[in-house]
Protein chains: 2
Amino acid sequence: MGGKWKLLILFHLHHFAKKSYSDFKANLPGISEKMLSQQLKELERDKLIAKNQLSVKPNRVEYFLTARGQSLGPLYEFISKWGIDYLMENNIDYIKDQHLYK
Amino acid sequence: MGGKWKLLILFHLHHFAKKSYSDFKANLPGISEKMLSQQLKELERDKLIAKNQLSVKPNRVEYFLTARGQSLGPLYEFISKWGIDYLMENNIDYIKDQHLYK
DNA sequence: TCAATAACTAACTAAAAAGTAGGTTGTTAC
DNA sequence: GTAACAACCTACTTTTTAGTTAGTTATTGA
């Protein structure tokens with residue numbers, strides 16, 4: 001489960017419950033479509049997320065956390081809080097310094 | 001912090017407080033010396049661990065968690081528990097199936 | 001009808017991480 | 001005085017991951 005974007009994808013689903021492919025695209029700045037669909041597929045394979053097929057003719061889906069994905073909830077929370085604390089302790093303005101993380 | 005062995009190193013220190021280079025070597029089956037010293041160095045660089053130089057003429061050291069390394073304690077605990085639960089839910093005998101994780 | 005959007009896939013390249021095989025310095029144990 | 005151990009380091013290869021660019025199908029909105 002060590003992909004560059006997986007934790008972020010899971011974290012988004014943890015907070016917003018349901019998200020479409022393009023929701024991720026819009027909210028994960030810098031991710032390429034290849035990475036996005038690859039990581040979604042691996043998360044599905046590992047049963048951490050699943051998707052509803054809303055329609056087929058125009059292909060519309062929504063992703064959500066499985067029970068297993070939800071069971072990692074405390075982890076998402078902890079890492080998020082730890083990260084924010086880390087940035088604050090070190091006086092890093094994330095918005096200003098985003099170039100550091102690309 | 002995404003090295004293959006880092007979490008295991010941190011987890012060992014979390015449980016045993018102080019460990020020497022060769023303690024890790026003995027308790028992380030499969031790690032190469034290159035990987036071990038590389039990951040220790042990166043963890044030091046990131047201020048998650050530190051070492052005491054016990055002697056120089058014969059080079060003896062002991063590694064331990066810094067305050068920052070300790071602040072991740074709940075993470076080590078959670079992941080460890082989650083992993084064990086995962087193995088049990090799926091009837092995986094870790095000892096028997098170690099080859100799966102090499 | 002033409003552009004934009006949604007949800008993808010595929011081919012290829014580049015960069016990062018890990019593995020392999022060796023070498024070093026200085027000890028103590030036999 | 002030789003082997004074994006501790007704590008490393010170096011060069012090189014292989015594997016894995018990520019980035020780039022370019023398609024595909026189908027739909028709605030102007």
Side-chain angles (χ1 to χ4, degrees), chain A residues 1-13 16-46 48-66 69 79 98-102, chain B residues 1-13 16-46 48-66 69 79 98-102:
Chain A
M1 222 221 66
K4 178 166 171 184
W5 299 95
K6 284 186 189 149
L7 201 66
L8 253 20
I9 290 172
L10 293 169
F11 186 76
H12 274 280
L13 285 176
F16 300 107
K18 282 158 199 278
K19 297 212 121 200
S20 69
Y21 184 90
S22 48
D23 286 336
F24 290 119
K25 222 169 60 168
N27 292 302
L28 299 172
I31 198 173
S32 69
E33 307 224 11
K34 177 202 151 194
M35 274 294 113
L36 178 53
S37 70
Q38 193 177 99
Q39 310 255 312
L40 287 170
K41 219 171 288 171
E42 290 175 22
L43 288 168
E44 268 191 275
R45 181 200 62 197
D46 298 336
L48 292 168
I49 67 172
K51 67 176 162 183
N52 286 327
Q53 189 81 31
L54 301 180
S55 83
V56 181
K57 299 78 71 78
N59 190 13
R60 289 303 120 89
V61 299
E62 64 183 14
Y63 290 92
F64 57 93
L65 292 179
T66 61
I79 291 178
Q98 275 197 48
H99 62 282
L100 292 173
Y101 309 99
K102 63 162 185 255
Chain B
M1 224 220 62
K4 178 168 172 182
W5 299 95
K6 285 187 189 149
L7 202 66
L8 253 20
I9 291 172
L10 292 169
F11 186 76
H12 274 278
L13 285 176
F16 300 106
K18 279 157 201 278
K19 296 211 120 200
S20 69
Y21 184 88
S22 48
D23 287 336
F24 289 119
K25 223 170 58 171
N27 293 301
L28 299 173
I31 198 172
S32 69
E33 307 224 11
K34 179 204 149 193
M35 273 295 113
L36 177 53
S37 70
Q38 192 177 99
Q39 310 254 320
L40 287 171
K41 218 172 290 171
E42 289 174 20
L43 288 168
E44 269 191 274
R45 182 202 59 196
D46 297 337
L48 292 168
I49 69 172
K51 68 175 160 184
N52 285 329
Q53 189 80 29
L54 300 179
S55 84
V56 181
K57 299 78 69 82
N59 191 11
R60 290 301 121 90
V61 298
E62 63 183 15
Y63 290 92
F64 57 94
L65 292 179
T66 60
I79 291 178
Q98 276 196 48
H99 63 282
L100 292 173
Y101 308 99
K102 63 163 185 259

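Chain A is the first sequence line, chain B the second, and so forth, proteins listed ahead of strands; every chain is numbered from 1.
- In this structure, the NZ atom of B:Lys41 is 15 Å from the P atom of C:dA17, given to the nearest Å.
- Between A:Asp23 and A:His12 the shortest side-chain heavy-atom distance does not fall below 4.5 Å.
- No donor-acceptor pair under 3.5 Å is formed between the side chain of B:Ser22 and the backbone N or O of B:Lys25.
- Remark: A:Gln39 is in phosphate contact with D:dA18, judged by side-chain N or O atoms under 4.0 Å from OP1 or OP2.
- In this structure, the NZ atom of A:Lys4 is 20 Å from the P atom of D:dT16, given to the nearest Å.
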Result block: side-chain N/O donor-acceptor pairs under 3.5 angstrom for residues 57-64 of chain B, not counting sequence neighbours:
| unit_1 | atom_1 | unit_2 | atom_2 | d |
| --- | --- | --- | --- | --- |
| B:Asn59 | OD1 | B:Gln53 | NE2 | 2.7 |
| B:Glu62 | OE2 | B:Lys18 | NZ | 3.4 |
| B:Glu62 | OE2 | B:Asn52 | ND2 | 3.3 |

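- Formation of a donor-acceptor pair under 3.5 Å by the A:Thr66 side chain with backbone atoms of A:Ala50 is not found in this model.
- Taking atom CD on B:Gln38 and atom P on D:dC12, their separation rounds to 17 Å, with Å as the unit.
- Note: A:Ile79 CD1 to B:Met1 CE = 8.5 Å, rounded to the nearest 0.5 Å.
- If you take CD on B:Gln38 and CG on B:Leu40, they are separated by 10.5 Å, rounding to the nearest 0.5 Å.
- The shortest side-chain heavy-atom distance between B:Lys6 and B:Glu42 falls under the 4.5 Å cut-off.
- A distance of 11.5 Å separates CG of A:Leu65 from NZ of A:Lys19, quoted to the nearest 0.5 Å.
- Across all strands shown, B:Glu42 has no heavy atoms under 4.0 Å from either base or sugar-phosphate atoms.
- Taking atom CG on A:Leu28 and atom P on D:dA18, their separation rounds to 14 Å, with Å as the unit.
- Here the C1' atom of nucleotide C:dA18 and the NZ atom of B:Lys6 are 12 Å apart, to the nearest Å.
- Rounded to an integer number of Å, the gap from NZ of A:Lys19 to C1' of C:dA7 is 16 Å.
- With rounding to whole Å, B:Tyr63 atom OH is found 8 Å from D:dA7 atom C1'.
- Distance from the side chain of A:Ser37 is smallest for C:dT9 among the nucleotides C:dT9, D:dA7, D:dA18.
- One axis for each end of the helix from C:dT1-D:dA30 to C:dC30-D:dG1, each built from five base pairs, and the angle between them comes to 10° at 10° resolution.
- Looking at B:Leu36 and B:Trp5, their side chains never come closer than 4.5 Å, going by heavy atoms from C-beta outward.
- Between B:Ile49 atom CD1 and D:dA7 atom P the separation is 13 Å, expressed in whole Å.
- Residue B:Glu62 is out of contact with every strand shown, counting any heavy-atom pair closer than 4.0 Å.
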I'd like a table of atom pairs between the protein and nucleotides 20-29 of chain D - only N or O on both sides, under 3.5 Å - with the distance next to each one.
| unit_1 | atom_1 | unit_2 | atom_2 | d |
| --- | --- | --- | --- | --- |
| D:dA26 | O3' | A:Lys57 | O | 3.3 |

